[in-house]
Structures are given as structure tokens and as C-alpha cells.
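Chain letters run A, B, ... following the sequence lines, proteins first and then strands; every chain starts at 1.
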Protein chains: 2
Amino acid sequence: MRVILVAGTTETAKIDGISAAGATQELLAQTPSADAELLAYGSPVLTDLVPVSPSGCPTPAMVTRALREVRGFDLTTVDAGLAAPTAAPTVESGTAPGRDIREPTAVPSAETVFERSHTLGASLPDDDLLIAETIPGGTTTALGVLAALGERATVSSSLPENPVARKRAVVESALAASDLEPGDCAGDPIGAVEAVGDPVLAAVAGLVSGATERDADVTLAGGSQQLAAAALARHAGCEAALTVATTSYVAEDDSAAVRALAADLEVALTITDPGFADCEHVAMERFEAGEAKEGVGMGGALALAARADALASVRDQFRTVYDRLTGASPADSARRHEHGQGDPDAA
Amino acid sequence: MRVILVAGTTETAKIDGISAAGATQELLAQTPSADAELLAYGSPVLTDLVPVSPSGCPTPAMVTRALREVRGFDLTTVDAGLAAPTAAPTVESGTAPGRDIREPTAVPSAETVFERSHTLGASLPDDDLLIAETIPGGTTTALGVLAALGERATVSSSLPENPVARKRAVVESALAASDLEPGDCAGDPIGAVEAVGDPVLAAVAGLVSGATERDADVTLAGGSQQLAAAALARHAGCEAALTVATTSYVAEDDSAAVRALAADLEVALTITDPGFADCEHVAMERFEAGEAKEGVGMGGALALAARADALASVRDQFRTVYDRLTGASPADSARRHEHGQGDPDAA
């Protein structure tokens, strides 16, 4: 089994109030590069950044890294528009960061990225692939793509309260800027990404199409963004069995309707509860409060952990990784808890 | 322990008769990309190339891959001027392929590559690094650099008969084209690479300098090229303990004088005999006949195998990797042996 992390950025993330993945504009640009280093090395290398929200919610990369430290897996990272240097080794997909989808063209390189990723997916020797993603603002571009394809346009959020109205307004402007009505890109996945998507979606869809053509077993680890990538693959003609492995946080997000969307797309859904309830650790409490929810392969990592009966050790290792990277000792975490600094309202 | 493979190319390899790493000009350009894929995936992916000489001598990457399959290791590949696409994830060092050293400037990006690699070496979290290289034509550029620095100018070869006179003539032209006398670049390692080196040498020297500054334990896996990289690090002010781990084939190559050069540079030398003598397999016979000798971390892989008392299993796995990649069944190999197709004179 190989994990492929597709990492990139879109200027769409800079729109106020749509992403929790990074507290400032600069952090938004650096988070995917940092996530890639975290997964590859277990610590920041060139990014000098541990993505943790102001309230203490860490990047879900820490959960996936915890699985790697407990069970191990091969990793290939694909650069689908990184905006900051990373020490994580990457395969180039041939793109710059995605533009704000309210511009006429969001991803001029959509076809190149799709084709190169298709070739990579078709050429890798692995029978089993778990594809993960990291791109701040990615649920908004996913919403754009679903709308352009004419699919059920619902997505989740990395914020406890999904800013749905805000995202819909952005997507409406984005479609208008590209002279598109919802559904205009049905059967034209590259057109959908080009107009209102992001480069990560193009790369994931290409990988899925290429890998399933050689009958590899493909699981998309993630939530709404991976369902949008699956939709793109379907519109590219992929009829293979596909699974999206996500967290219970995404599945329980009614604003996202992932079950209905998965059913529309004939995609199997694996939902794993990390078992963070009643864990007295700030990181787990933030996830329980609805922050982050998913990303960087978290849902897939949890599914693999559950299948190996290793959820408890992955939880323990997640705590270790978090404390190691944030410099919090277990005692610090406990204190933080007692003093209510992990209170959802403080976010 | 992390293995860092520094992979690149130089136009110098196209000069007739100086490299065995690839039978044709096109293969020379593709071999490092293929070596990187071999180490990362165990098979060619985008390169569609298994580097094996006409006589049946495989790329030494197969030995290092065999160690990986037997013992496992973390791998980071650095792109120091690859000339062909690779599916191996890489960290960019910021360079194009090196030019023919007979041009006035061989590596215009020498400083960038050195600095970026220095930063990477200084930032990686690993306490132990084993640095490997793959660059056809690399012993000629190594000879150039040693001459420019004023060090003992002797190098080994991937050919059974070291074309020493040819290499010396090339280096003489190269120094003249850069208006240099031997020794003119003493204390100026970047100047030496810029004038008569290759981008892999700049990257390895930068990694060594950066990693030793944070007291990481650094082993350079390879022969003459890694001694040249060590010389560059010394001339950049690195006084840390350094080890070069090479094969008995390089150590026994009198034309290379690696013991004397290592002593000059105060570099410890670890020499490992793979134990291929009397192994009736074409690949091992070719190494015993003096082909390839070293490269892609082979000497370091053998040293690690020997330390873990795993030389026999690495030998077995090397046979498995070779047969898997060349499509040769053990019976084929035996037949090949009987019919003398592994004869050195056929090379």
C-alpha cells in the first residue's frame, strides 16, 4: 500500500472566512508544504511551521503521521501547486498555485496536471493506493467543481460552523466569471477544474483515472474534496469501484451531505470515528468541537488503523506527535484543559 | 538513518569513452532518473528503463534497492540536474543538468545548489545520513574538481579499464577553458564546481557541510566522486569527521588511489567486499570483472548490510531484484553463464 499525498494551494483560500487551515494569509500558503514535511519527516524542516489553529487544533497531518509511526507506509508526495519551499520530496505535476476561482480561469494548467497525474497513476507499481490531499480553501473549489459538473453541490468545512452562504456566493461569482451555468461542464472535468477548480483536484482525478485503468485498488482519503475529485474522475469516464474514506466528523456534518453525494457518484464511503471523545487532550477536543474534521489523509489513516485494530495506538501516537511538535508536555496539555483554554468558544 | 540520493546529469558524460553508465547517449541522460525510481519503487515507472550494460552488468542501484527490500531505510532523493522525467519524488536543488566541463562554465548554478543543499542538510531531523549519488560521467568531473582544488587528482571508473588518459585530457581542456591552473580553486569549492564540476558534487558538498554543522553523522556512499565531494566540503571549511563507504572494487582499483586520497582529506574509509566471487550469476560476475564498481550508494549499502550481518541476504535479494527487473529467471542466468555471454571480452 502506498499513500500519495497531493499537496497544493489556491488563491481562493485568501478569501476572508472560508478556511481554518492556517491563521494568517502567510500560513495558508505554507500549510501544505508543512503538511508534506510532517508526513515525510515527522517534523517541520524548511517550513519552520507546525500548523496548529489559535485554539490548539492541529493539522490532521499529525493523525496520518501517527499512523505512519505506528504502522509505516510508503509515501509519494505530488506537488500540485505548492506556494512555499518544502523539504518533502515531491513529484512535479506541472502547475503553479491555483488562482482565485472568481477569475475567468482558475487553473490554466488543468489539462497538464490531469494528464501527468494520469500517467503517474497508470505507471506506479503499487496494487493499492490511498490518495490524500492538502489544500487550504479546497472545499470552496470542490463546491465550484461539483456545481460546474452539475452534481449535488454540498461540501463540508474545516470550521466548526460551515460558512456555506459565503462559499455559495464565491462559487456563484466564480461560475459567472467563467460564463458558466451549473452543469455546463458535465462530461468535461478538465473544463470544470480550469474554470472553477484547483490543481489538487486535477491531480487527484488524474491519479484515480490512471490507477484504476490498470485495476489498482484506489481509496480517496478525505471528505468533500475527495468526493469532488471522484466526481471529476467519473466525468472523465472512470467506472471503476472507488472508495472515499473519511472521518465521522465529516459524515456528521449535515451541511456536507457526503452520504447522498457518495451515493450519487456510486462511491463507497468508509467512515471512521477516531474515538477522541472523552480524551482529555486539547488536540482531540478541538476535533470533537468540529474543527479541521479531515484532511491530509486523516480519514484514510483512521480506516487503516481500524482495519489493523490499531486505533488506540494511533490515538496515543497522535498525542505524542502533537506534544513533540508543539512542545507541550502531557502535563501542559492537562493544565490547558483544566484552565479551559481548549474551550470551543475561545476559537 | 536516512539515505539521501543525489541524482543529476552532466553533458560531460557524452564525451566518447568515459562512462559505462548507459549504453547510448539517451540512456546516459535517463540512467539517474531510472536509478531514482528503482530505489524509490523497486522498478522503472516513468523511465521505462532498467540500466543494464550490454554485457549484463546492472546499475549498482539494484544492490542498494536489495538492501532496502531486506532491511528498509528512509529515502530522500535530491534533484541535482536530472535530464529526464522521474516518478521518484525529489527535492529540488535549483539546477539544470551540468554542462560539458570543457565549456568555460560547467555549473552556473553551483552556489545556489550548494546553499540550498546546505540548508537542507542543516534542517533535516535525522542524526545519521548516508549520502549516495548517481551521475554518469561523474568520475571525470570529480577529477576536474580534485585538480582545481589542488588535491591528489586520481579517480576510479565504471569501466573495467579506466580511461585515465582520456579523462586527464578532458580535465586539462576543462581547466584551460576556465583559465585555471591545478590548485587555483583551493579554498574556493564553489568556484571549482562552477568551472569544472557537476551539480551533484555541489549538492553533496552542501549537504555534508550543512549536516555536519548540526553534528549529524555523515557517511558518503561511493568512491572517487564522494571523495571529491568530501574534498569540496573540506575546502568549504568542514572539519567534522567524515566517512566514505565504498566497495572493494573501487578500493582495489590502483588507478584510483582512494586510500591515499582519503588520507589526504582526513576521511575515514570503509571498504566492503560484496562477496560476489564464485556467485554464478551474470550480474555478480560483471561486478567481479570490474564493471560499474560502485554508485547509487552501493558501498554504503554493503557497509550497512555487513554491520547488520545481512550481506548474504542482500546478495540473495540483489539476485532477485536483477532477475525480476531483467525478466531473467534463475535458469536463464545459469544458461547465460554457460554460454559465456557474461564474458568480460564481450563488453
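If you tally non-hydrogen atom pairs under 4.5 Å between each of B/D126, B/L120, B/L124 and chain A, the highest count goes to B/L124. Between chain A and the residues B/P125, B/P85, B/P89, B/S123, the most heavy-atom pairs under 4.5 angstrom are made by B/P89.
Annotation: B/R2, atom CZ; neighbour count of heavy atoms from other residues, nucleotides and ligands within 6.0 Å is above 12. Heavy-atom neighbours of B/E111 CD from other residues, nucleotides or ligands within 6.0 Å: at or below the threshold of 12.
Heavy atoms closer than 4.5 Å to chain A are found in the side chain of B/S43, but not in its backbone. Contacts of A/T90 with chain B are made by both backbone and side-chain atoms, with heavy-atom separations under 4.5 Å. Contacts of A/A88 with chain B are made by backbone atoms alone, with heavy-atom separations under 4.5 Å and no side-chain atom involved. The part of B/A40 that comes within reach of chain A is its backbone (N, CA, C, O), which places non-hydrogen atoms under 4.5 angstrom from that chain.
Here the side chains of B/I131 and B/T219 are not in contact, with every heavy-atom distance at 4.5 Å or above.
Side-chain atoms of A/T10 and A/D198 form no donor-acceptor pair, as typed in the model, at a separation below 3.5 Å. A donor atom on one side chain and an acceptor atom on the other are not found under 3.5 Å apart for A/S33 and A/T86.
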